[in-house]
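Note that the numbering runs from 1 along the sequence shown for the chain.
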Amino acid sequence: MLKVNAQDPEVQRRGHILALVILGVALSAATLSGANLLDGQYEYNVPNAIFLISVLGLFVLNRLGYVVAACILTVALIVAASAVFLSGEDLAQTFIIMCIPVFIASFLLVPWSGFVVSAVVIFNTLIINRATVNTLSLLTFVTVTVIAYLLARSLDRINRQNRQRAYYDSLTGLPNRALFLDLLTHALDRFKSDHIPRAVIFMDLDQFKVINDSLGHRAGDELLIIAAQRLQNCLRPGDTAARLGGDEFIVLLDGVGDVEDAVQVAQRIAKALGAPIKLAGRQMVVSTSMGIALCEDATCEPDALLRNSDVAMYHAKAEGKAHCKVFSEDMHAQAMRRLELENELRLAIEREELKLYYQPKVLLSTGNIVGMEALVRWDHPTLGLIAPKEFIPLAEEVGLIDSLGRWVLGEACAEARRWQEQNPAAPPLVTSVNLSMGQFQSSDLVPRIGEILHQTGLAPSCLELEITEREVMKDVEYAIDVLEHVKKLGIKVALDDFGTGYSSLEALRRFPLDALKIDKGFIDGLSKSHQDTAVVKLVIDLAHAVGIQVIAEGVETVEQLRQLRDMGCDQAQGYYFWKPLIGEEAAALHAGSLRWLFDQSPSTEHHRNV
């Protein structure tokens, strides 16, 4: 009943108060009208009816959102009614009854408007009607007006401060999430009548964390302020920019022709934010990742539009810096799958849905199988086999990589030890386990590995840890220290995916490595690309020069195998030999012949489909 159709929360608040005042006035007027009827004073019926109808009209006007107009007319109606129903002498003797319109004007319009009402009442009573002055009544009326002004001014200042804290970002002065969602809700409501599409642009400053960590939080705050100013300068009248928190900003485009209009605005914003910025005496260039979501039908919900733009932004970020993506339903499906996988992954270990597969490594000089690489797979009961490239990054993001990595390492070591116990006469194989970035950066990595080796009884020399270039190059000194401690345990270390562009040859010389693994992309290029062939040969020669063995990944053809042997590559693995084997198959292979005959045909018992 007291709902006010207004966008501004402050206007809504004042409208609610005015609605209560109007209802109070209407109730008083109705009571007075009833009393007049009971007393037989029928001459007041018409004025009372006019007054009540006017009050109800003001209530409707206020409810429609015209709060200021309703407030002014309410004050005018009360003042006019007092002049009609009361004589000038009555008013002069009892000015205090006119405090109601003074309070309404002071608290619901502007604080000084109470003085205007007081001046009108006094002028009408004493000047126009020439009523006799009651000094005490007049002084009381003026005192109440002054007090109302002071109270209203203090409350107005407090309300403004509270509103600023509640709806605006304290650093940039932009609207915050609460106000943005309110504005977005009203914009989508208007879409139902005008059918003009609305768009939301979600953006994230790519280099913000680096600047915060290197130049300090003061420089980071300065960057956010400059970004907010530049962002506002890019917008059209009627559009809204807000800061959601951290380095995340969002823009409401209140009316676009189509998605291309939104993309053009995003490009303009990217260009403005990408201009050089001077921070802490340094010139910086900051790029922005952006996601765009468009509302083109009446079913759009504010939270869904915000979520969709956020999803699109993260897809843009996944492609690298300074990208912009428009939301599609495929992105939503991927986001839902990610959420489903996250929830399911937390239970996968205890449900025994994770399984280890093993891919043999062949020593090319003899054809002997000398090792097994442990590869984790997720055998989901409804989604089927899920590749590690999908759930390993997810595990790192949600903080599950520690328990997952511990399980993989412990299971691989335990299974390798079982193979040795089942076939004590067979040469022990080296089991390779991949370490994720989260595991490698863990402070208790080395003690944990030692504990697992002790529990499983596997000799350190039978374990090889594989780390990627990206992991070791993030902090070279830290990587060297960790690898040296790992080597002291007697564990082998291999650098995985070598050649993908992160390596420093000087740092490589310093790493205590046993092997390099050449990325499959280069192996695929053998016999097809002179550049790839030259790179592979160079890597093999480089590794041998510093005493490191070379392992080729993803060998799939006999021609690749022959070239690698001719180049002096030490080991190889891939589908040409075997696909990844389940534990039982790997155990059977370990119990049988451990030698690959290079001149055999693919149909022999040792072929990769064993």
TODO: Classify the side-chain pair Asp204/Ser289 by whether it contains a donor and acceptor separated by less than 3.5 Å.
DONE: no
Task: Closest heavy-atom pair and its distance - Leu305, Ala293 - done: O-CB, 3.7 Å
Open item on the list: Apply side chain to side chain contact (heavy atoms under 4.5 Å, CB included) to residues Phe249 and Leu205 and explain how you reach the verdict.
Closed with: CA-CA 9 Å; Phe249 294 87; Leu205 304 181; 4.2 Å; yes
Open item on the list: Using 0.5 Å steps for rounding, measure from the CD1 atom of Ile401 to the CZ atom of Phe440.
Closed with: 14.5 Å
Open item on the list: Nearest 0.5 angstrom please: Leu345 CG to Arg351 CZ, how far?
Closed with: 11.0 Å
- [ ] Taking Asp182 for its side chain and Thr185 for its backbone only, find out whether a donor-acceptor pair lies under 3.5 Å.
- [x] no
Open item on the list: Please determine whether the number of non-hydrogen atoms from other residues, nucleotides or ligands lying under 6.0 Å from atom CZ of Phe103 exceeds 12.
Closed with: yes
TODO: Quick one: do Asp402 and Arg448 satisfy salt bridge (charged side-chain N to carboxylate O under 4.0 Å, His left out)? Show the steps, please.
DONE: CA-CA 11 Å; Asp402 186 67; Arg448 184 185 306 167; 2.6 Å; yes
- [ ] Evaluate the side chain to side chain contact (heavy atoms under 4.5 Å, CB included) criterion for residues Met203 and Leu231: first the C-alpha distance (whole Å), next the side-chain angles of each, then the deciding distance (0.1 Å), finally the verdict.
- [x] CA-CA 11 Å; Met203 62 189 67; Leu231 179 57; 4.0 Å; yes
Open item on the list: Measuring from atom CD1 of Ile269 to atom CD of Gln264, what distance do you get when rounded to the nearest 0.5 angstrom?
Closed with: 12.0 Å
Task: Nearest heavy-atom neighbours spanning Leu52 and Ala30 - done: CD2-N, 3.9 Å
Task: Leu181 side chain near Asp303 side chain, heavy-atom distance below 4.5 Å - done: yes
Open item on the list: Could you tell me if the side chain of Val326 sits less than 4.5 Å from the side chain of Leu294, heavy atoms only?
Closed with: no
TODO: State the CD1-CD1 distance between Ile72 and Ile104, to the nearest 0.5 angstrom.
DONE: 12.5 Å
Open item on the list: If only side-chain N and O atoms count, and only distance matters, is there a donor-acceptor pair under 3.5 Å linking Arg165 with Asn162?
Closed with: yes
Open item on the list: side chain to side chain contact (heavy atoms under 4.5 Å, CB included), that's the test. Do Cys324 and Ile292 meet it? Break it down for me.
Closed with: CA-CA 8 Å; Cys324 178; Ile292 300 174; 3.6 Å; yes
Task: Nearest heavy-atom neighbours spanning Leu188 and Cys295 - done: CD2-SG, 3.6 Å
Open item on the list: Any heavy-atom pair between the side chains of Met290 and Lys325 that's under 4.5 Å?
Closed with: no
Task: Side-chain donor/acceptor of Asp310 to backbone N/O of Leu306, under 3.5 Å - done: no
TODO: Taking the side chain as every heavy atom from C-beta outward, state whether Leu73 and Leu61 have any atom pair closer than 4.5 Å.
DONE: yes
Quick one: side chains of residues 208-223, donor-acceptor pairs under 3.5 Å with protein atoms, not counting sequence neighbours, listed by atom name and distance.
| unit_1 | atom_1 | unit_2 | atom_2 | d |
| --- | --- | --- | --- | --- |
| Lys209 | NZ | Asp213 | OD2 | 2.8 |
| Ser214 | OG | Val210 | O | 2.6 |

Task: Side chain proximity check, Phe180 to Ile250, heavy atoms < 4.5 angstrom - done: yes
- [ ] Measure the shortest side-chain to side-chain distance between Val11 and Arg13 over non-hydrogen atoms and say whether it is less than 4.5 angstrom.
- [x] no
- [ ] Check for a donor-acceptor pair, side chain of Glu396 on one end and backbone N or O of Gly438 on the other, with a separation under 3.5 Å.
- [x] yes
Open item on the list: Can a side-chain donor-acceptor contact be found between Thr382 and His380 if the only test is distance below 3.5 angstrom?
Closed with: yes
Task: Test item: side-chain donor near acceptor, Asp330 and Ser328, under 3.5 Å - done: no
Open item on the list: Pair Glu342, Arg346 - check side chain to side chain contact (heavy atoms under 4.5 Å, CB included), show working.
Closed with: CA-CA 7 Å; Glu342 178 182 336; Arg346 297 181 184 276; 3.3 Å; yes
Open item on the list: I want to check something: taking the side chain as every heavy atom from C-beta on, are Val482 and Leu445 in contact at a cut-off of under 4.5 Å?
Closed with: yes
TODO: Kindly say whether Leu224 contributes a backbone atom to a donor-acceptor pair with the side chain of Arg243 at under 3.5 angstrom?
DONE: no
Task: salt bridge (charged side-chain N to carboxylate O under 4.0 Å, His left out) assessment of Arg14 paired with Asp156 - done: CA-CA 11 Å; Arg14 296 189 182 202; Asp156 185 64; 3.1 Å; yes
TODO: For Gln161 and Ile158, indicate whether the former's side chain and the latter's backbone hold a donor-acceptor pair under 3.5 Å.
DONE: no
TODO: Specify the closest pair of heavy atoms between His195 and Lys192, including all atoms of both residues, with the distance to one decimal.
DONE: CE1-O, 3.4 Å
- [ ] Decide whether Thr172 and Asp169 meet the rule of one side-chain donor and one side-chain acceptor closer than 3.5 Å.
- [x] yes
Task: Between CD1 on residue Ile225 and CG on residue Leu174, distance to nearest 0.5 Å - done: 10.5 Å
Task: Donor-acceptor contact present, side-chain Arg230 to main-chain Ala275, <3.5 Å - done: yes
TODO: Quick one: closest heavy-atom pair of Leu183 and Thr240, and the distance?
DONE: CD1-CG2, 3.8 Å
Task: Partners meeting side chain to side chain donor-acceptor pair (under 3.5 Å) with Ser118 (sequence neighbours left out) - done: Thr145
TODO: Kindly compute the distance separating CZ (Arg63) from CG (Leu58), expressed to the nearest 0.5 Å.
DONE: 15.0 Å
Task: Side chain proximity check, Glu353 to Leu347, heavy atoms < 4.5 angstrom - done: no
Open item on the list: Checking the side chain of Asp239 only, and the main-chain atoms of Asp254 only, is there a donor and an acceptor separated by less than 3.5 Å?
Closed with: yes
Open item on the list: Using only atom types and a distance under 3.5 Å, with no angle test, would you say the side chain of Arg268 pairs donor to acceptor with the backbone of Cys234?
Closed with: yes
Using residues 105-115 as the side-chain source, report each donor-acceptor pair under 3.5 Å to any protein atom, sequence neighbours left out, with the distance given to one decimal.
| unit_1 | atom_1 | unit_2 | atom_2 | d |
| --- | --- | --- | --- | --- |
| Ser106 | OG | Val102 | O | 2.9 |
| Ser113 | OG | Ala105 | O | 2.6 |
| Ser113 | OG | Val110 | O | 2.6 |

Task: Nearest heavy-atom neighbours spanning Phe391 and Ile386 - done: CE2-O, 3.3 Å
